[in-house]
Amino acid sequence: MIGLWIFLALSLNGVLSQFPRVCTTDEALQTKNCCPRWTDGSPCGFRSGRGRCRNGVAFSSLAAGQVPLYNDDRWDWPRYYYDSTCECFGNYGGFDCGDCKHGYFGDRCERGRTLVRRDIRELTLVERKRFFSYMALAKTTKSKDFVVLTTGDRHHRDTFRFVDASVYDIFAWMHYYSMKPIMVNSTLDAAKNFAHQGPVFPGWHRLSLMFLEREIQRMTGDEDFTFPYYDWRGEGNCSICTNDFMGDNDVQGRLDPYSHFSNWRGICSGYDYPDAYCPVVEEHQMETLLRKPGTDPLSNRLPSIQDVEDTLQWRDLDTPPYNETATRSFRNALEGFLRPSDGLTLERNMHNLVHMYLGGTMSRVPISSNDPIFIVHHSFIDKIFDKWIQKYSVSPSLYPPNNEPGQGPNDCCTPFFPCIRNKDLLWRTTQFGYRYSYFKNF
């Protein structure tokens, strides 16, 4: 036994990770098998032609016999937990191949659709209310399919537990979990994680948005639902930081009591320690959302129209050393460690600048996904990513080979099931069943 057991918390605000509930039984963890039986009684729906149980985990990046020096539980995801996972056929998807790939619907996943993500200011009042009500439902509805990992000490595996979580909190915790410093020979390296500071950045966030969007579609039965985005280019202030949209705030950063998210609490907000996976699940110890747009003197503006155009000039997704110091790198300019105009000067801009400009919860990047404004911000980052892919006719073959943990082209994107290789997110959004509206001449 690898020292993991189920602890089902009564609170819906428990910490989370994207672990399929059926794969966290003692038997599944002992056998390291995550090939659940579908409704036809066969693993991964094999009898119905939906998928198969693949030994060795699809697309493993390790050479045969190689023993990694890293002892982080996320290394070579999901090998620490499972040696066998589902590989889905055709348009089928999901951890048990019981769902459809992104962009497909129907009992047999036969209906392909391309939905449109629009700027939140393009939505009608009714459409905005639907978005807010679905977000509230996702925040308060316990996930029926996933449980989440928690521990107060990442160095001791016998402290690992699984707990229940709401649909939205699963999304928020996946960001938190993937951003934790990587453990190398029991030493934490704060400069490395599985979602930022490397070529995985735009694809990881694309996949996380697709995950939550799909979960909300399934939860509500609304196949037409898509996330809105926020085109912040050149704005003098945050135009959606009002109660008609994402919420106003007072001088101390507290959201207005009449805003839609004023009562939301952020998971792991009081326990953002590098050697823990959010060890406390009690609601009263989770902080309310905070937001203070434009008050940081070092980040008191939003990126300009020219900043976005300059970012799109860089042809390479990423360049060595594949971190926050990479130059002439589209990813590093988009992520916001690099001045977009010259591709050489290190400065805060683009994605990072927006996080710091909004302040409060958004400025604490590991837990920033607790604030729903994260979604509309990253949907626009994804739109810029898609513009770049279209401009240079980018495909997965152009994902740069590298040896950074979890950032390689064939590494499974952490912590998603089944395996989706990092490079396979390097397609236009229409390959995943959605596109972006044309708004503000972009």
Side-chain angles (χ1 to χ4, degrees), residues 1-8 14-37 43-44 51-62 66-88 93-97 143 145-165 170 173-184 186 193-195 200 204 207-208 211 275-279 405-408 410-422:
M1 182 172 180
I2 64 174
L4 290 155
W5 54 283
I6 299 294
F7 174 75
L8 298 179
V15 294
L16 48 87
S17 176
Q18 208 218 26
F19 285 87
R21 183 183 298 274
V22 295
C23 295
T24 55
T25 63
D26 282 342
E27 179 182 0
L29 293 168
Q30 288 170 1
T31 60
K32 302 185 72 173
N33 183 297
C34 185
C35 293
R37 294 183 181 277
C44 311
R52 64 168 178 162
C53 183
R54 177 163 177 162
N55 294 326
V57 182
F59 314 123
S60 172
S61 62
L62 289 181
Q66 182 180 354
V67 178
L69 297 176
Y70 298 79
N71 51 8
D72 193 293
D73 64 296
R74 301 161 298 172
W75 169 256
D76 198 36
W77 180 263
R79 186 175 293 279
Y80 177 81
Y81 296 99
Y82 308 109
D83 286 331
S84 301
T85 58
C86 288
E87 180 184 16
C88 303
F95 64 89
D96 60 355
C97 301
S143 173
D145 288 328
F146 300 106
V147 292
V148 303
L149 178 65
T150 173
T151 177
D153 187 352
R154 293 171 57 193
H155 298 276
H156 293 87
R157 306 309 191 197
D158 59 344
T159 66
F160 285 22
R161 305 289 184 268
F162 290 105
V163 298
D164 283 330
I170 284 180
W173 199 89
M174 286 195 305
H175 187 259
Y176 165 91
Y177 177 66
S178 299
M179 279 205 66
K180 281 295 181 179
I182 292 179
M183 188 185 300
V184 182
S186 298
N193 64 72
F194 291 91
V200 75
W204 190 98
L207 185 57
S208 68
F211 167 78
D275 62 344
Y277 289 145
C278 195
Q407 304 264 355
N410 291 313
D411 286 331
C412 297
C413 201
T414 307
F416 297 92
F417 286 88
C419 174
I420 298 178
R421 296 178 296 184
N422 292 330

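Remark: the Thr151 side chain and the Thr159 side chain contain an N/O donor-acceptor pair separated by less than 3.5 Å.
For the pair His175 and Trp204, the minimum side-chain heavy-atom distance is below 4.5 Å. For the pair Thr85/Pro78, a side-chain contact is recorded, criterion being any heavy-atom separation below 4.5 Å from C-beta on. Taking 4.5 Å as the limit, some side-chain heavy atom of Asp73 sits within range of a side-chain heavy atom of Leu149. Side chains of Phe211 and Ile420 form no contact here, defined as non-hydrogen atoms less than 4.5 Å apart. Looking only at side-chain heavy atoms (C-beta outward), Phe194 and Ile182 come within less than 4.5 Å of each other. Side-chain contact between Asn71 and Val184 is absent, with no heavy-atom pair separated by less than 4.5 Å. Side-chain contact check for Asp145 versus Arg21: every heavy-atom pair is 4.5 Å or farther apart. Inter-residue side-chain proximity for Glu87 and Pro418 is flagged as unmet; no heavy-atom pair is nearer than 4.5 Å.
With Lys180 contributing its side chain and Ala276 its backbone, the two residues share a donor-acceptor pair below 3.5 Å. Judged purely by atom type and a 3.5 angstrom limit, Trp77 uses its side chain to pair as donor or acceptor with the backbone of Phe416.
Between Phe19 and Phe417, the ring-plane angle classifies as tilted under the 30° and 60° cut-offs.
Residues that satisfy the ring pair (Phe, Tyr, Trp, His ring centres under 6.0 Å) test with Phe95, not counting sequence neighbours, are Phe146. Cys34 pairs by the disulfide (SG to SG under 2.5 Å) definition with Cys23, not counting sequence neighbours. For Cys35, the side chain to side chain contact (heavy atoms under 4.5 Å, CB included) partners at least two apart in sequence or on another chain are Asn33, Pro43, Cys44, Cys53, Ser84, Cys86.
Of the options Arg74, Lys32, Arg157, a side-chain hydrogen bond (donor to acceptor under 3.5 Å, both in side chains) to Tyr80 is made by Arg157 and by none of the others.
The nearest pair of heavy atoms linking Val200 to Gly406 is CG2-O, 4.3 Å. Among all heavy-atom pairs drawn from Gly408 and Asn422, the shortest one is O-ND2, 2.9 Å. Scanning both residues, Phe160 and Asp153, for their nearest heavy atoms gives CE1-O, 4.0 Å. Closest non-hydrogen pair, Asp72 versus Pro181, comes out as OD2-O, 3.7 Å.
Atom CG of residue Asn193 and atom OH of residue Tyr177 lie 13.0 Å apart, to the nearest 0.5 angstrom. To the nearest 0.5 Å, atom OG1 of residue Thr414 and atom CE of residue Met179 are 13.5 Å apart. The CG atom of Leu29 lies 6.5 Å from the OG1 atom of Thr24; values are rounded to the nearest 0.5 Å.
For the two cysteine residues Cys419 and Cys413, the thiol sulfurs sit 2.5 Å or further apart.
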